[in-house]
Amino acid sequence: MVERTLMIIKPDATARKVIGDIISMVEDKFEIRGIIMKTLTVEEAREFYAVHKGKPFYEALVEFMTSGPVVGILLEGENAIKRLREVVGATDPKKAAPGTIRAKFGTDVQRNAVHASDSPESAGYEIPFFFK
Ligand code: UDP
Ligand code: MG
């Protein structure tokens, strides 16, 4: 099934100037349907990560995600949601498979370079934060 999914290049990765490197790793595997750079407001970040409200890392995550510009990338392709999660790798860069985006560009479990929608429901909720 052709799906759409959202990747976000997080503030750690935009600060490290690896936007181009990360886009290169998805451009050959998916159709890029949109790219936008923006700085999330605290309100937007809290809503985007609402599923994690109350968890010990939530407040720090919101602070991190609003600390600088991010790049929202709308990707499309056959099984795009699952395939993007594979290209992105595990949440903790130290546990991410070699060659994945997080293994290459992540720093720690919070500053892990990118976000990727994890289900059709998440993609449907997350895409409108960047693409109306
Ligand atoms: N996160 C964190 N500490 C944790 C787990 C997650 O700071 O112990 C951050 C990290 O940036 C992660 C985001 O919260 O990407 C969302 O967590 P989730 O478990 O949904 O991981 P993901 O779906 O991004 O792999
Ligand atoms: Mg998640």
Side-chain angles (χ1 to χ4, degrees):
M1 191 189 20
V2 175
E3 295 173 328
R4 287 187 159 200
T5 189
L6 179 73
M7 181 165 84
I8 304 172
I9 303 178
K10 295 184 177 182
D12 58 317
T14 61
R16 287 181 61 194
K17 297 184 176 285
V18 291
I19 294 170
D21 300 82
I22 292 173
I23 290 176
S24 293
M25 289 183 66
V26 296
E27 191 173 17
D28 58 341
K29 301 177 188 74
F30 305 92
E31 299 304 318
I32 296 176
R33 295 301 187 206
I35 299 183
I36 183 171
M37 179 178 254
K38 64 188 272 186
T39 302
L40 294 172
T41 65
V42 169
E43 178 91 329
E44 284 172 324
R46 292 185 69 86
E47 286 307 305
F48 187 88
Y49 281 116
V51 65
H52 295 303
K53 235 171 236 179
K55 292 185 187 169
F57 61 84
Y58 176 71
E59 299 298 338
L61 174 62
V62 170
E63 192 178 336
F64 162 59
M65 287 299 291
T66 57
S67 67
V70 299
V71 180
I73 303 175
L74 184 59
L75 297 173
E76 187 178 278
E78 206 44 54
N79 288 318
I81 295 169
K82 183 165 174 287
R83 286 200 297 120
L84 179 63
R85 293 286 295 192
E86 287 166 5
V87 174
V88 161
T91 307
D92 184 346
K94 287 186 281 296
K95 295 176 186 154
T100 59
I101 294 173
R102 283 169 168 170
K104 283 180 137 160
F105 302 113
T107 302
D108 56 37
V109 70
Q110 177 190 72
R111 293 170 295 165
N112 56 6
V114 289
H115 169 86
S117 305
D118 67 0
S119 66
E121 294 69 35
S122 302
Y125 177 75
E126 293 170 358
I127 288 168
F129 281 81
F130 292 84
F131 304 98
K132 301 294 174 196

Inset, instruction - Count the heavy atoms of every other residue, nucleotide or ligand shown that sit under 6.0 Å from CD of E78, and state whether that count exceeds 12. - result: yes
Inset, instruction - Taking R85 for its side chain and A116 for its backbone only, find out whether a donor-acceptor pair lies under 3.5 Å. - result: yes
Inset, instruction - Answer yes or no: is there a side-chain heavy-atom contact under 4.5 Å between T5 and K82? - result: no
Legend entry - Gap separating the CD1 atom of I8 from the CZ atom of F48, nearest 0.5 angstrom: 3.5 Å
Inset, instruction - Output yes when a side-chain donor or acceptor of R102 lies under 3.5 Å from a complementary backbone atom of A113, and no otherwise. - result: no
Inset, instruction - Give a yes or no answer on whether the side chain of R83 reaches the backbone of K29 with a donor-acceptor pair at less than 3.5 Å. - result: yes
Legend entry - Heavy-atom pair with the smallest gap, counting every atom of G124 and P128: O-CD, 3.2 Å
Legend entry - Pairing of E59 and R46 as salt bridge, 4.0 angstrom limit: yes
Legend entry - Closest non-hydrogen atom pair, A90 against A96: N-CB, 3.7 Å
Inset, instruction - Would you give the length of the straight line joining atom CG of L84 to atom CD1 of I73, rounded to the nearest 0.5 angstrom? - result: 9.5 Å
Inset, instruction - Quick one: closest heavy-atom pair of L40 and E44, and the distance? - result: CA-OE1, 3.4 Å
Legend entry - Euclidean distance, R16 CZ relative to R111 CZ, rounded to 0.5 Å: 10.0 Å
Inset, instruction - Determine, using the 4.5 Å side-chain heavy-atom cutoff (strictly less than), whether V114 and Y125 are members of one ILVMFWY cluster. - result: no
Legend entry - F30 side chain reached by M7 side chain, heavy atoms, under 4.5 Å: no
Legend entry - Gap between atom CD1 of I36 and atom CG of L74 - 0.5 Å precision: 11.0 Å
Legend entry - Crowding at NZ, K17 (>12 non-hydrogen neighbours, <6.0 Å): no
Inset, instruction - Considering non-hydrogen atoms only, spot the tightest contact between Y58 and H52 and give its length. - result: CB-O, 3.4 Å
Inset, instruction - Using the rule that two of Ile, Leu, Val, Met, Phe, Trp, Tyr join whenever any of their side-chain heavy atoms come within less than 4.5 Å, decide whether I81 and I101 are in one cluster. - result: no
Inset, instruction - Decide whether a cation-pi geometry holds between K38 and F130; the criteria are a distance under 6.0 Å from NZ or CZ to the six-membered ring centre and an angle within 45° of the ring axis. - result: yes
Inset, instruction - Determine, using the 4.5 Å side-chain heavy-atom cutoff (strictly less than), whether V87 and I127 are members of one ILVMFWY cluster. - result: no
Legend entry - Non-hydrogen side-chain atoms of M65 and Y49 separated by less than 4.5 Å: yes
Inset, instruction - Under the side-chain contact (heavy atoms from CB on, under 4.5 Å) rule, what do I23 and I35 come out as? Steps first, then yes or no, please. - result: CA-CA 10 Å; I23 290 176; I35 299 183; 4.0 Å; yes
Legend entry - E27, CD: over 12 other non-hydrogen atoms inside 6.0 angstrom: no
Legend entry - Atom of A123, atom of S117 and distance for their closest heavy-atom approach: CA-OG, 3.6 Å
Legend entry - Minimum side-chain heavy-atom gap L6-F131 below 4.5 Å: yes
Legend entry - Non-hydrogen atoms of A45 and V62 that approach each other most closely: CB-CG1, 4.0 Å
Legend entry - Check: V70 and T39 side chains under 4.5 Å, non-hydrogen atoms: no
Inset, instruction - Without swapping roles, check the side chain of E76 against the backbone of E3 for a donor-acceptor pair under 3.5 Å. - result: no
Legend entry - Atom CD of E86 with >12 non-hydrogen neighbours under 6.0 angstrom: yes
Inset, instruction - Would you indicate whether K95, at its atom NZ, is surrounded by more than 12 heavy atoms from other residues, nucleotides or ligands within a distance under 6.0 Å? - result: no
Inset, instruction - Quick one: pull up CD1 in I22 and CZ in F105 and give me the separation to the nearest 0.5 Å. - result: 5.5 Å
Inset, instruction - State plainly whether one hydrophobic cluster holds both V26 and I9, where clusters connect Ile, Leu, Val, Met, Phe, Trp and Tyr through side-chain heavy atoms under 4.5 angstrom apart. - result: yes
Inset, instruction - Report the distance from atom CZ of R4 to atom CD of E126, rounding to the nearest 0.5 Å. - result: 15.0 Å
Inset, instruction - Spell out, as yes or no, whether a donor-acceptor pair under 3.5 Å connects the side chain of N112 to the backbone of G106. - result: no
Legend entry - Flag side-chain contact, heavy atom, 4.5 Å: Q110 against F57: no
Inset, instruction - Report yes if some heavy atom in the side chain of I19 is under 4.5 Å from a heavy atom in the side chain of M37; otherwise report no. - result: yes
